Number of protein chains: 2
Amino acid sequence: MASTRLNLPGNLKMITSRGALAVHLRIIEDFETRILSGLWHTGFRIPTEHEIAAEYNCSRPTVAKALMLLEQKGMIMRRKRAGSFVRRPPAQSVILQALDPATEISARNQKRRYEVLSRVVRRTTSGDRAKLRMRSGRVLSIVTRDWADDVIYCLEERLFNLDTIPDAEHIDFDKTPPSEWLVLRVPWRTGDNSIFAEEASESHAEALQVRPGAALLCIERQVYVSTGYLSYSITRYPASQQRLRAHYDTSAIHPTT
Amino acid sequence: MASTRLNLPGNLKMITSRGALAVHLRIIEDFETRILSGLWHTGFRIPTEHEIAAEYNCSRPTVAKALMLLEQKGMIMRRKRAGSFVRRPPAQSVILQALDPATEISARNQKRRYEVLSRVVRRTTSGDRAKLRMRSGRVLSIVTRDWADDVIYCLEERLFNLDTIPDAEHIDFDKTPPSEWLVLRVPWRTGDNSIFAEEASESHAEALQVRPGAALLCIERQVYVSTGYLSYSITRYPASQQRLRAHYDTSAIHPTT
DNA sequence: ATTACAATAATGCACATACAATATTTTCTG
DNA sequence: CAGAAAATATTGTATGTGCATTATTGTAAT
């Protein structure tokens with residue numbers, strides 16, 4: 001039934017499809033402009049779906065789609081019956097990209113070389129247990145050093161939890177650095193990072209060939225998946241070698257997601 | 001016409017609404033699990049919308065919604081006629097949250113105090129022009145220092161481009177720190193950050209009351225909107241004071257957005 | 001065999017519609 | 001007048017439908 005034909009305007013869609021933007025995208029763009037420009041200030045209650053549908057001469061589901069995507073983007077907040085409101089911009093936050101030496105070094109058009117300084121499998125120490133949130137078991141501890149051309153680039157100390165990622169034990173990390181191996185092995189993962197500065201200890205200074213007390217940029221990482229912590233690492237860069245570049249867009253990040 | 005009633009099963013929706021998750025959310029969760037677990041590897045072609053609809057006993061638009069959101073999340077890629085495919089995980093990247101002293105200090109349950117060390121309006125120097133990407137004009141240069149309880153927390157040197165954000169000139173930054181004023185004044189914005197370590201110069205050491213040569217964590221920022229660069233700042237933290245915490249989720253960030 | 005064209009299958013967009021959930025507003029009642 | 005109950009408006013979810021777009025596949029013709 002409804003064998004159809006209630007033939008709607010019929011050319012409406014033509015208009016939209018004729019190279020022009022899809023209606024819901026037009027709505028999104030328009031609203032973004034208004035919000036970003038401040039015309040619709042934080043807390044402003046935007047028109048109801050019905051009103052918008054009338055304004056754009058489209059159906060409510062189309063409007064709903066646009067608003068849903070804007071909410072996803074973090075620009076508005078929607079509450080049943082209450083309406084949709086312009087959100088307060090999220091806390092200042094930034095996205096750091098490409099924290100791994102391979103990408104960084106090749107971005108600088110330099111040749112990367114890396115070497116394994118030590119590689120040990122052992123029972124966990126109490127320090128390991130804290131870093132990997134584990135009770136007992138064994139870990140692989142591995143120290144590597146990266147060079148960019150003929151300059152020492154960074155020093156990485158890494159622990160693998162052999163309970164959660166046992167195959168690390170038998171991998172020859174002479175070819176593939178531990179960080180890259182992990183990315184390939186567990187592509188979808190999550191982690192906590194900590195970035196800080198410190199003064200080089202005697203041993204770190206020696207490995208990095210800098211003066212003891214020299215400033216280092218350090219990144220500490222814990223990688224885990226739902227089944228547990230996989231890896232802990234701390235990477236030290238001489239201050240002269242590394243800058244972390246970051247970018248942000250207020251609209252790109254929001255706490256809800 | 002289609003005056004309706006072709007009354008559908010009718011209790012189907014009851015089932016879904018009875019506390020259970022919405023169908024499209026269930027699909028998303030299921031698919032995420034399969035992708036994250038590696039069951040559906042990178043490049044895997046996921047079932048067609050029709051097949052999924054059949055599997056979940058729902059309509060195609062519902063499936064389409066789920067797939068659209070998964071695409072938005074960056075987990076799959078969709079191509080007309082070709083199908084939907086599991087995406088390669090994005091490059092390693094992390095989200096840094098809350099880089100501002102106010103949040104950081106109060107998160108540590110400390111009392112924040114801050115002071116303006118200098119405030120000058122002047123014509124641009126060549127250094128200013130590089131930092132703010134401007135040709136000429138005037139800038140407001142302001143140096144502030146933050147304390148957490150009775151410890152010096154950071155030192156911030158900031159430039160405002162008075163061409164793009166002229167009202168900064170007449171603001172009394174004694175009450176509101178420049179960074180917070182800027183957030184309120186221009187809530188939706190974008191920026192580039194650079195994070196690095198350095199050894200304290202004589203003057204910075206004095207302002208931060210550390211030994212010259214001590215390790216500092218530095219964050220350099222440029223903030224801009226579509227109309228131009230608004231502000232440049234560089235913030236220096238004694239190594240003992242600040243760690244940047246970051247978190248990532250492979251699924252949270254992707255280059256397309 | 002290779003190219004060109006037609007058929008086909010998949011996603012993309014939009015519509016009209018229905019009902020559920022819920023916060024707000026209004027009305028009613030004590 | 002205050003508080004409770006009912007009405008109402010608004011978003012949330014899902015359905016079924018139709019057509020547009022486009023990549024792939026298959027077929028036919030050169």
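Just so we're on the same page: letters track the sequence lines, and every chain starts at 1. Since the structure is predicted, the reported quantities are computational estimates derived from the model, not experimental observations. All values below come from the heavy atoms of this structure, side chains included, with hydrogens, waters and symmetry mates left out.
As rounded to whole Å, 15 Å separates atom P of D/dA14 from atom NZ of A/Lys65. Spacing between atom CZ of B/Arg26 and atom P of D/dT13 amounts to 14 Å, rounded to whole angstrom units. If you measure from atom CE of A/Met68 to atom P of D/dT10, you get 21 Å, rounded to the nearest angstrom. The separation between A/Arg60 atom CZ and D/dA14 atom P is 14 Å, rounded to whole Å. We find that CE of A/Met77 is positioned 14 Å from C1' of D/dT10, with the value rounded to whole Å. What separates CD1 of A/Ile76 from C1' of D/dT10 is a distance of 13 Å, to the nearest Å. Look at CG on A/Leu67: it is 12 Å from C1' on D/dT10, rounded to the nearest Å. If you take CD1 of A/Ile46 and P of D/dA9, they are 20 Å apart, rounded to a whole angstrom.
With hydrogens and angles left out, the side-chain atoms of B/Ser84 and B/Arg45 include no donor and acceptor closer than 3.5 Å. With 3.5 Å as the limit, one finds no donor-acceptor pair spanning the side chains of A/Tyr153 and A/Gln110. Side-chain atoms of B/Asn161 and B/Tyr232 form no donor-acceptor pair, as typed in the model, at a separation below 3.5 Å.
Between B/Leu69 and A/Gln72, some side-chain heavy-atom pair lies under the 4.5 Å cut-off. For the pair B/Arg158 and B/Leu182, the minimum side-chain heavy-atom distance is below 4.5 Å. Proximity of B/Leu230 to B/Phe160: side-chain heavy atoms (C-beta onward) are nowhere separated by under 4.5 Å. By the 4.5 Å heavy-atom criterion applied to side chains, A/Arg87 and A/Thr42 are not counted as neighbours. Counting heavy atoms from C-beta on, the side chains of B/Tyr229 and B/Lys131 never come closer than 4.5 Å.
Closest contact between the side chain of A/Thr48 and the listed nucleotides D/dT10, C/dA14, C/dG12 involves D/dT10.
Put simply, A/Thr62 has a side-chain N or O that comes within less than 4.0 Å of OP1 or OP2 on C/dC15. Within the 4.0 Å cut-off from OP1 or OP2 of D/dA14, at least one side-chain nitrogen or oxygen of B/His24 is found.
A/Phe85 is linked by a ring pair (Phe, Tyr, Trp, His ring centres under 6.0 Å) to nothing, counting only residues two or more places apart in sequence or in another chain.
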Strictly under 3.5 Å: I want the nitrogen or oxygen pairs between protein and nucleotides 23-26 of chain D, one per line.
from: D/dA23; atom 1: O4'; to: B/Lys80; atom 2: O; distance (Å): 3.4
from: D/dT24; atom 1: OP1; to: B/Arg79; atom 2: NH2; distance (Å): 3.1

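One end of the helix from C/dA1-D/dT30 to C/dG30-D/dC1 points its axis 0° away from the other end's axis, with each axis taken from 5 pairs and the angle rounded to 10°.
Each of B/Ser59 and A/Ser84 was matched to the nucleotide of DNA chain D holding its nearest heavy atom; the match closer to the 5' end belongs to A/Ser84. Mapping B/His50 and A/Pro61 onto DNA chain C via the closest heavy atom, the residue that lands nearer the 5' end is B/His50.
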